[in-house]
Amino acid sequence: MKNNRKKKTLKRILKSRFYRVYFAVVAVALAAIAIGLVWLNGVVGDYEISQPVHAAQEVAQLFEQADYDRLYDLDTAARDFSGGDRALYVESLTALSEGRQIAWHEAYSANPDERKYAVTLDGEKLAAFTLVPSGKTTKHGNTLWMLGSVTTNVALRGTEAAGDLSAAPYRVTAPAGYNVTVNGRTLTEADALNTGIPILPEDFVPSDVQAPTMTEYAFFSEEGAPQLSAVDDKGETAQVVEDGENAWKCPLKQNDELREKYSSAIIALAERIAKYTVKDLSKNRVLANVAGGSPAETILKKFSNSWAPAHRTAKVSDAVISDFYVLSDDCFTCHVDFTFTLTSKRQNDYVYPTSYTFCIVRRKGTGKLYNLTFN
């Protein structure tokens, strides 16, 4: 009897217009879900293929595999490096990188149509390369990337000179434009082992401001321990300090007068940014101190300030300003170290040693933050 009732019920369901429509809708829905999943997988896979990291890996592998013969044709600095001698280029870079750690990472770029990457050798900058849109897209319209340029950061001046400089037992590094004298002789470009060594992060200052760089000199001294002196680009005496065994450094001069003048404002700016990073200050309030359209504006807008533990107060203390460099009448950079302390409702302290590097520009007579780094 029960089976008969089940059969009759099933027949009524199958003859019912409602259930026929219902089952048809369910079948269509299941088919749509299956098709949607296939489509979604295709979209995700298409997007993944278009990511610039894949093109970057291909370029980085040339350095990782020491394929300097191929790099010679791509390197914009190859001829300056070797005087047009491919064999010297390959031999020199092979010797330079042998047994050392090659690494690479993406660098900041303010241009959305360019990706920048840095290549390092034991942590020191070896080269930089860029990616640009190839003009081609994937099936779903995602941009495909291609190599824009590769530039090494090494300088040689022919086999004989390079060999002499490499064998020189002494080194001194000074800002470009400074004159360094060793035992009464002023060092020249012929004594330079490395040029264009950056002091600030890449693209840290506005394009119309000349970023300072350092030059590393190598030299001999037939008189034993060398006597060194230096003058800056204004003809004023510059300090020369020891920087390791048989090595010296002439730091870029700070402007102590302006550092003292603006120190309170710089520390206050550091405190506002620090409090913004832990949600104790609104985005609008912190952006009031930032130049519109600047890298700093982009960085702070994108910053995820949800990392901090729950707290009652946030305090900046022991702030120290260093590396205060005036680069133009409307631009200076500086470094700020401080202790950032968050205190919870239970009086527990979370202490964070913190460092910022600022680039400040003048806009309509007012100092505005143009760029920054977090450490």
Side-chain angles (χ1 to χ4, degrees), residues 45-86 88-90 92-94 96-97 101-156 176 194-213 293-299 302 359 370-373:
D46 186 274
Y47 175 77
E48 172 60 27
I49 291 173
S50 71
Q51 293 306 291
V53 67
H54 301 298
Q57 286 173 340
E58 292 181 7
V59 180
Q61 282 178 357
L62 297 178
F63 290 94
E64 293 171 341
Q65 297 171 2
D67 194 352
Y68 299 121
D69 187 61
R70 284 186 62 193
L71 275 169
Y72 179 83
D73 296 318
L74 303 173
D75 186 0
T76 61
R79 292 192 175 277
D80 292 337
F81 178 93
S82 63
D85 187 333
R86 179 189 290 266
L88 173 62
Y89 176 91
V90 174
S92 301
L93 277 176
T94 300
L96 180 68
S97 60
Q101 179 65 43
I102 293 281
W104 63 282
H105 62 271
E106 185 170 4
Y108 173 75
S109 174
N111 184 354
D113 290 328
E114 181 183 68
R115 296 289 189 272
K116 293 186 176 181
Y117 298 84
V119 181
T120 59
L121 190 62
D122 283 351
E124 297 180 359
K125 184 176 179 181
L126 172 65
F129 65 89
T130 63
L131 300 180
V132 295
S134 66
K136 299 179 181 180
T137 60
T138 63
K139 179 181 178 181
H140 291 278
N142 293 307
T143 299
L144 292 174
W145 296 80
M146 61 180 288
L147 176 65
S149 64
V150 178
T151 305
T152 51
N153 190 44
V154 185
L156 294 177
N194 287 295
T195 61
I197 304 169
I199 295 176
L200 299 169
E202 188 175 7
D203 297 329
F204 191 67
V205 300
S207 58
D208 59 347
V209 175
Q210 181 66 46
T213 60
S294 67
E297 183 180 56
T298 301
I299 292 168
K302 291 183 177 181
C359 173
Y370 174 82
N371 212 339
L372 78 161
T373 63

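Positions are given from 1 along the sequence. In what follows, every heavy atom counts, from backbone to side chain, and hydrogens, waters and symmetry copies are set aside.
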For Tyr68, check side chain to side chain donor-acceptor pair (under 3.5 Å) against everything at least two apart and list the hits. Ser97
Check whether any side-chain N or O of Asn371 sits under 3.5 Å from a backbone N or O of Phe204 as a donor-acceptor pair, and report yes or no. yes
Given the rule in the side chain to side chain contact (heavy atoms under 4.5 Å, CB included) test, do Arg86 and Asp73 qualify, once you have shown the distances and angles that lead to the verdict? CA-CA 9 Å; Arg86 179 189 290 266; Asp73 296 318; 2.7 Å; yes
Can you name the residues that form a side chain to side chain donor-acceptor pair (under 3.5 Å) with Ser149, not counting sequence neighbours? Thr130
Measuring from Thr143:OG1 to Leu131:CG, what's the distance to the nearest 0.5 Å? 12.5 Å
Which value, rounded to the nearest 0.5 Å, describes the distance between Thr120 atom OG1 and Phe63 atom CZ? 10.5 Å
Testing the basics here: between Pro133 and Asp113, what is the closest heavy-atom pair and its distance to 0.1 Å? CD-O, 3.1 Å
First locate atom CG of Asp75, then atom CG of Leu62, and finally report the distance between them rounded to the nearest 0.5 Å. 11.0 Å
For the student: nearest non-hydrogen atoms of Val205 and Tyr370, plus distance: C-CE2, 3.7 Å
Heavy-atom nearest pair, Tyr117 first then Val53, reads OH-N, 4.3 Å
Donor-acceptor contact below 3.5 Å, side chain Ser134 vs main chain Leu144: yes
Check the surroundings of atom CD in Gln210: do more than 12 heavy atoms from other residues, nucleotides or ligands lie under 6.0 Å from it? no
Within a strict 4.5 Å, meaning less than it, do heavy atoms of the Thr213 and Thr195 side chains meet? no
For the atom pair CD (Glu114) and CH2 (Trp145), what is the distance rounded to the nearest 0.5 Å? 8.5 Å
Closest non-hydrogen contact found for Tyr72 with Asp85 is OH-N, 4.0 Å
Side chain to side chain contact (heavy atoms under 4.5 Å, CB included) between Thr137 and Asn142, worked out: CA-CA 5 Å; Thr137 60; Asn142 293 307; over 6 Å; no
Quick one: CG on Leu71 to OG1 on Thr152, what's the gap to the nearest 0.5 Å? 8.5 Å
Atom pair CD/CG of Glu58 and Leu147 - distance to nearest 0.5 Å: 10.0 Å
